[in-house]
Amino acid sequence: GEAQAVELVRQTFGGLVAGSLTIAGAASGDLVTMRASGTLPSFIPFLPGLPVDMTATMHKEELLGAGGGAQP
């Protein structure tokens, strides 16, 4: 998942942004958490970059639709 998240950021925002972030994932039970942190580069000279610290958590994909009355 980490490699896919990095590739998504690279394709969406470019290599400069992707290279400025650290993306790490962890699984615990049926949940997966991804965290991106770093400093986005400033595109305006003499202004500092924008610090980023984001976390997202969701259920593992293979568990989605399994049980719980989920419909296709």
Side-chain angles (χ1 to χ4, degrees):
E2 293 171 11
Q4 291 174 337
V6 169
E7 182 61 17
L8 177 63
V9 171
R10 189 193 64 73
Q11 289 180 5
T12 305
F13 300 107
L16 185 62
V17 170
S20 67
L21 296 176
T22 299
I23 298 177
S28 177
D30 64 346
L31 296 177
V32 174
T33 301
M34 298 295 288
R35 181 175 182 167
S37 59
T39 301
L40 297 178
S42 174
F43 296 103
I44 301 172
F46 308 111
L47 286 181
L50 178 66
V52 171
D53 189 14
M54 300 182 299
T55 303
T57 302
M58 69 172 287
H59 290 277
K60 291 182 180 178
E61 283 187 11
E62 64 265 13
L63 298 178
L64 296 178
Q71 299 294 316

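If you're wondering where the values come from, they're calculated on a predicted model, not measured in any experiment.
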Could you report the tightest heavy-atom contact between V6 and A18, atom names first, then the distance?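 Heavy-atom minimum between the residues: O-CB, 4.2 Å.
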Might you point out which heavy atoms bring M34 and G25 nearest each other, and give the distance in Å?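 Looking at all heavy atoms of both residues, the closest pair is SD-CA, 3.5 Å.
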Sequence-distant partners of E2, salt bridge (Lys or Arg N to Asp or Glu O under 4.0 Å), two or more places apart: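 Result, salt bridge (Lys or Arg N to Asp or Glu O under 4.0 Å) vs E2: none returned.
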When rounded to the nearest 0.5 angstrom, what distance separates CD in E7 from OG1 in T12?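 E7 atom CD to T12 atom OG1 measures 9.0 Å (nearest 0.5 Å).
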Pairs where residues 35-48 contributes a residue and the test side-chain hydrogen bond (donor to acceptor under 3.5 Å, both in side chains) is met, not counting sequence neighbours: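 Non-adjacent pairs meeting side-chain hydrogen bond (donor to acceptor under 3.5 Å, both in side chains): R35-D53.
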Taking K60 for the side chain and S28 for the main chain, is one N or O donor matched with an acceptor at less than 3.5 Å?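 Side chain of K60 to backbone of S28, a donor-acceptor pair under 3.5 Å: no, none is there.
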Mind checking whether M58 and L8 sit in one hydrophobic cluster, side chains of I, L, V, M, F, W, Y counted as touching below 4.5 Å?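 Result: no, two separate clusters.
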Do L21 and L40 come close enough that some side-chain heavy atom pair is under 4.5 Å?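 Side-chain contact under 4.5 Å: yes.
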